[in-house]
Each structure stands twice: as C-alpha cells, then as structure tokens.
Trainee: 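Please see the structure below; I have some questions.
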Amino acid sequence: MTTGGLAFLPATEIAARVSSGAVSTVDVTEAVLTRAQAINSTINAFITLLPTLALAQARRVDALVHKGADPGPLAGVPVAIKDLADIAGVPTTSGGQAAFHHTPDATAPVVQRLIDAGAVIVGKTNLHEFAYGVTNINPHFGPVRNPWDRSRIPGGSSGGSAAALAAGLAAGALGTDTGGSIRIPAALCGIVGLKPTYGVVPVGGITPLSWTLDHAGPMATTVRDAAVMFAVMAGQRQLPVPPGDLDGLTVGVPRAFFWERLDDEVASLGDTALDALRDRGATVRDVDVHHADLAGSAVAIIISAEATSIHDARLRLSRAAFGDDVRVRLERGFFVPATDYLQALRAREFLTRSFETSLVPVDALVMPTTGAVASPIGGEESTPSERSLAMSIELTRMTNPFNLTGLPALSVPCGFTRDGLPVGLQIVGRRHDEATVLRVGEAYQAAAEWYLRRPPLEPTQPTRPTQPPA
C-alpha cells in the first residue's frame, strides 16, 4: 500500500498494523499531514495543523513498538481535536476572536487519554464560534465546507472534525455535543458520531457551552473505530461492541415527532435502513415517546441561560468581538427569567422519565438524525443570525432530546440522496448502554457499507505545515 492510501485506513486497522510493526506511525502521520496540507484549503476543516507535535508523538509510539511494549489501542491513529479542547502549549481558539484565545498549561483529560492510548494529534479543527450553532459558518476562521459538496455546510458545531474525517485528513476525531453537535455533522458529512451517556466522558479542559447539556464523544469513519475511541475516552478497558447480527434485539421506531416533517429522500432512506435491521435479525416495532415535542423548548431555555452566564465576562469585555449570530443568541440569554430556567430543568427530569419509559419494551430507538440534508452556505433571504437560528432549530429537532435526557445516541450513514448528499440514521439506547447502541450501528453498517464511499476531493498544491497561531 502506498503511503497515500494510509490516510483512508480505519483507525482500528491503522492500530493493528502499527502494533504489529507492519507500518510505522511516522509513515501514517506523514501521509495524513501531506493530504491535510493539500486539501485543507478547499474545505477549511483545520484551524491549526500540528506537524511538529504529531511527528514527536508518532516517534514515541514507534519507539514503544520497537521495544516490544504495548503502544495502546489507538496506536498510531491520527486524531483531530475540536478546537474547544485544551492541549498544553497549543492555543485554544474555541472558534472565537483572537482576544478570547488562551494557551493552556495542561491538556484536557479526554485528550490526554487519547494520547496515552497511542493516538497522534494532527491538528485542531474549525467549529461554529464557541460551539453555539450548527452551520460552522465562522466569521473569524471562515466556513467549513462539506467535502461532499463544498457549497454546503458540514453541520456543526463539530463540522471541522466531521469534514476532516470524511476527507481522509484524520482517522478519528474528538467532538462535542450540546444539542446535536457531534451527530448532526456526522450525518451531513457521512461519518459516524457518538454522543455518550451524559457524564461518562470528562469535559474538563473543554470550553463549555452549557454545563447541563455538554457532552464530549468520538467521531470516526466506522462504528468499530468509534467504539474503540469511546472506550478510551471513557476510561474503559473492554471494547464495548460485539460483532454479529441482531437476533433477540427489539428496535423501537418512534413515528410521532421523530419521523415527521422529513425530506422525502431522508424518509425513504430511513425506511430502507429499518428493513436492513430486520434482515440482520432485529424485531422492529413502533413505540410512543410522550411529549417529545417539548424537549426543544427546554433545551433552548437551558442553553440560552447557561451559555450567556458562561460568556458574560467576554460579552462585557467586547460584544463586538463576537460574530453576529452568536452575539444575538448570547444577548437573548440575558432575558431568560429564572423561573423559565428552573421550569426547563424540571421538564428535563420529566422528559427523561418519559424517554426511559419508552425504552423499557425495546433495546434501542431508531430515527433519522436530521430531517434534511446539508443546506447551502450562502443565502440572502435573511440575515446571518436569523438563518443560523432557523437552521439550529430545524437541524437539532431530533438530536437535542438526547442531550436533555443524557441518553447515548449514535449517528451512522444510511445512504445518499440523488444529489450525492449523505443522510444519517440515529440510534438511541438506555443510559450507560452504549454497547447496544454500537452493536445496532455495527450490524447496520456491515449490511449497508455506506462508509466505503469517499467524497470527490482533489488535492491542491501542498502548503507548508501550519503551526499554532501566535
């Protein structure tokens, strides 16, 4: 295999080859960095590439292999980090204006777990400003472009991580998810994204958006890769996903709310995915999730109040330093009454019980991740802040209930529209039952094999590796 081909290997295959000595981590890292330097300018997935750091980490992994030591379950895997998470000595931009950047002395615990497991950090990815949006149209670093159609958004806020994976610029990525920010870009970019159970993966050292709703989780090109990354990020030793069919499992389909207001092609591909689950041995039955339509309002109130509290000092320092859409949303948070915030927290408890009840007779819930495919980046029909808010409301409609309830949720590719745009299938499980969620995703992926498709990207002339901004 040429070194160029290394950039598209799944993370688990890279780790196996590195651990066996069949390929060096340095070769893998150089292949990915070379591709990133040639392609990043076309999709703007990375804010910062880190070749010096990556190659130093690669040499460390190779030295462990040479000594016969265990290099870890992610040995040599090139990983991209959403630029909300701290890496010691590397500026954290959070996608914001330069006045708000900081250079941390310590690495976020979840990032350190990846490094300790043998991962190689190749760079920090672009995001919606302070993770407060779903378009990844960033006024400070420019928009991330969807690798499947560069005129369209990748979804957000972890859109840079998703675009990097889809384009072969990393084999794994760290994302964060407050209302759908791992799963939405996973769906729109045709990759895999897991939002774990609330609190399972540490979020220390990651710029917060909402203490009550923030999650961190893995993004990858295959379910098995996401499973290995999840185990590492959660501090677990065992691979939490058995291969095989779904005999004995029952999948619930919440038709009301979650299968309504869908694009026709999204609905059709979702129904085809249900047929594939039946073919793999699952029993598929309709279920009711009462009051699911209330989740979006509760999430909006909680995020609005908490995000404004988190950014209060920055707003007082300089409101003009924020992009229009994020500034408008933060300013609205000043007008959320305490009574509304407390009622939203009460609704969170009520809706969590409702969703958990719906999961009693089934092993998992399945629905589309988003009701539509990626939308165009441009548009003159409304202001940027109005357009961003409208997209956020629509794209998070079927993802934010699981931030509110804290249940684990996985997005896997479930096909492409006639225009070649990816569609995602969302699989939701009981609290702390990521194993079943991943098992369903793995079985579906094995049947469908959508992950084998690659976007039509042609490298441009390579540029010099970029270092952290001063």
Side-chain angles (χ1 to χ4, degrees), residues 82 125 127-128 131 133-136 144 146 153-166 172-198 200-201 209-210 213-223 225-227 229-230 233 254 258 262 266 269-270 273 292 295-296 299 303 355 364-374 391-415 421-429 434 437-438 440-441 444-445 450-451:
K82 184 177 182 179
T125 53
L127 64 151
H128 202 105
V134 298
T135 67
N136 259 101
V144 177
N146 194 311
I153 65 169
S157 62
S158 307
S161 292
L165 286 166
L174 170 69
T176 65
D177 193 312
T178 305
S181 288
I182 286 173
R183 292 157 289 154
I184 292 167
L188 301 191
C189 289
I191 57 105
V192 174
L194 173 66
K195 182 203 75 65
T197 302
Y198 178 76
V200 169
V201 174
L209 177 61
S210 167
L213 305 171
D214 284 348
H215 300 65
M219 304 174 76
T221 56
T222 73
V223 174
D225 290 355
M229 289 186 65
F230 165 69
M233 294 164 76
F258 288 104
L262 302 178
V266 170
L269 289 167
V299 167
I303 290 180
F355 275 86
L365 303 175
V366 174
M367 74 250 357
T369 309
T370 63
V373 295
M391 285 188 192
S392 180
I393 291 171
E394 186 55 34
L395 285 176
T396 63
R397 183 171 67 90
M398 293 184 293
T399 55
N400 64 32
F402 308 110
N403 294 89
L404 188 71
T405 60
L407 299 175
L410 174 76
S411 182
V412 297
C414 76
L421 297 174
V423 173
L425 183 74
Q426 185 173 211
I427 303 161
V428 179
E434 282 83 1
V437 170
L438 291 161
V440 174
Y444 172 71
Q445 177 186 267
W450 296 115
Y451 71 99

Trainee: Less than 4.5 Å apart, side chain to side chain, heavy atoms only: is that true for Thr399 and Lys195?
Mentor: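 Not touching, per the 4.5 Å side-chain cut-off.
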
Trainee: To the closest 0.5 Å, what do you measure between CD1 (Ile182) and CE (Met219)?
Mentor: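 These two atoms lie 6.5 Å from each other.
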
Trainee: If the condition is side-chain hydrogen bond (donor to acceptor under 3.5 Å, both in side chains), which residues does Lys82 pass it with, not counting sequence neighbours?
Mentor: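 Lys82 satisfies side-chain hydrogen bond (donor to acceptor under 3.5 Å, both in side chains) with Ser157, Ser158, Thr176 only.
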
Trainee: Looking at residues at least two apart in the chain, or sitting in another chain, which of them share a ring-ring contact (aromatic ring centres under 6.0 Å, His included) with Tyr198?
Mentor: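 Expected list: His215.
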
Trainee: Roughly how far, to the nearest 0.5 Å, is the CD1 atom of Ile184 from the CD atom of Gln426?
Mentor: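 It comes to 9.0 Å.
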
Trainee: Go through the steps to decide whether Tyr451 and Val223 satisfy the test side-chain contact (heavy atoms from CB on, under 4.5 Å), and finish with yes or no.
Mentor: CA-CA 9 Å; Tyr451 71 99; Val223 174; over 6 Å; no

Trainee: Can you list everything that forms a side-chain contact (heavy atoms from CB on, under 4.5 Å) with Ile153? Sequence neighbours excluded, please.
Mentor: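 side-chain contact (heavy atoms from CB on, under 4.5 Å) list for Ile153, sorted by chain: Thr135, Ile137, Leu188, Ala374, Ser375, Ile377, Met391, Leu395.
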
Trainee: Which residues pass the side-chain contact (heavy atoms from CB on, under 4.5 Å) test with Ala186, sequence neighbours left out?
Mentor: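 Applying side-chain contact (heavy atoms from CB on, under 4.5 Å) to Ala186 gives Ile191, Ser411.
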
Trainee: Less than 4.5 Å apart, any side-chain heavy atom of Ile427 and any of Leu365?
Mentor: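 Ile427 does not reach Leu365 side chain to side chain.
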
Trainee: Answer whether the closest heavy-atom distance between the side chains of Val134 and Glu394 falls below 4.5 Å.
Mentor: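 Side-chain contact under 4.5 Å: no.
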
Trainee: Please give me the minimum heavy-atom distance between Ser161 and Ala173, naming the atom from each residue.
Mentor: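 What the structure gives for the nearest pair is CB-CB, 3.7 Å.
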
Trainee: Quick check: do Val373 and Pro422 have side-chain heavy atoms less than 4.5 Å from each other?
Mentor: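 Not in contact.
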
Trainee: With sequence neighbours excluded, what pairs up with Pro368 under the side-chain contact (heavy atoms from CB on, under 4.5 Å) test?
Mentor: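 Residues passing side-chain contact (heavy atoms from CB on, under 4.5 Å) with Pro368: Trp259, Leu262, Val266, Met398.
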
Trainee: Could you give the side-chain donor-acceptor pairs of residues 401-408 under 3.5 Å, partners two or more places apart or in another chain?
Mentor:
{"from": "Asn403", "atom 1": "OD1", "to": "Gly180", "atom 2": "N", "distance (Å)": "3.4"}
{"from": "Asn403", "atom 1": "OD1", "to": "Arg183", "atom 2": "NH2", "distance (Å)": "2.7"}
{"from": "Asn403", "atom 1": "ND2", "to": "Asp177", "atom 2": "O", "distance (Å)": "3.0"}
{"from": "Asn403", "atom 1": "ND2", "to": "Asp177", "atom 2": "OD1", "distance (Å)": "2.9"}
{"from": "Asn403", "atom 1": "ND2", "to": "Thr178", "atom 2": "O", "distance (Å)": "3.1"}
{"from": "Thr405", "atom 1": "OG1", "to": "Pro401", "atom 2": "O", "distance (Å)": "2.9"}

Trainee: Return the minimal non-hydrogen interatomic distance between Cys414 and Ala273, and the atom names on each side.
Mentor: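 For Cys414 versus Ala273, the nearest heavy atoms are CB-CB, 4.3 Å.
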
Trainee: Not counting sequence neighbours, which residues clear side-chain hydrogen bond (donor to acceptor under 3.5 Å, both in side chains) with Thr222? List them please.
Mentor: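 By the side-chain hydrogen bond (donor to acceptor under 3.5 Å, both in side chains) rule, Thr222 matches Asp225.
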
Trainee: Of all the heavy-atom pairs spanning Leu269 and Gly415, show the shortest one and how long it is.
Mentor: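 Residues Leu269 and Gly415, closest heavy atoms: CD1-C, 4.0 Å.
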
Trainee: I need the minimum non-hydrogen distance between Leu410 and Gly441, along with the two atoms involved.
Mentor: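 Residues Leu410 and Gly441, closest heavy atoms: CD2-CA, 3.9 Å.
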
Trainee: Where is the tightest heavy-atom contact between Pro185 and Gly159, given as atom of each residue plus distance?
Mentor: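 Between these two residues, the closest heavy atoms are CB-CA, 3.9 Å.
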
Trainee: Which heavy atom of Pro196 sits nearest a heavy atom of Phe230, and at what distance?
Mentor: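 Looking at all heavy atoms of both residues, the closest pair is CB-CE1, 3.6 Å.
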
Trainee: Looking at side-chain heavy atoms only, is the closest gap between Met229 and Leu194 below 4.5 Å?
Mentor: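 Met229 vs Leu194: side chains apart.
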
Trainee: Who passes side-chain hydrogen bond (donor to acceptor under 3.5 Å, both in side chains) against Thr396, sequence neighbours left out?
Mentor: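 For Thr396, the residues satisfying side-chain hydrogen bond (donor to acceptor under 3.5 Å, both in side chains) (neighbours in sequence not counted) are Asn400.
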
Trainee: Do the non-hydrogen side-chain atoms of Ser181 and His128 ever get within less than 4.5 Å of each other?
Mentor: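 Side chain of Ser181 against side chain of His128, heavy atoms only: no contact under 4.5 Å found.
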
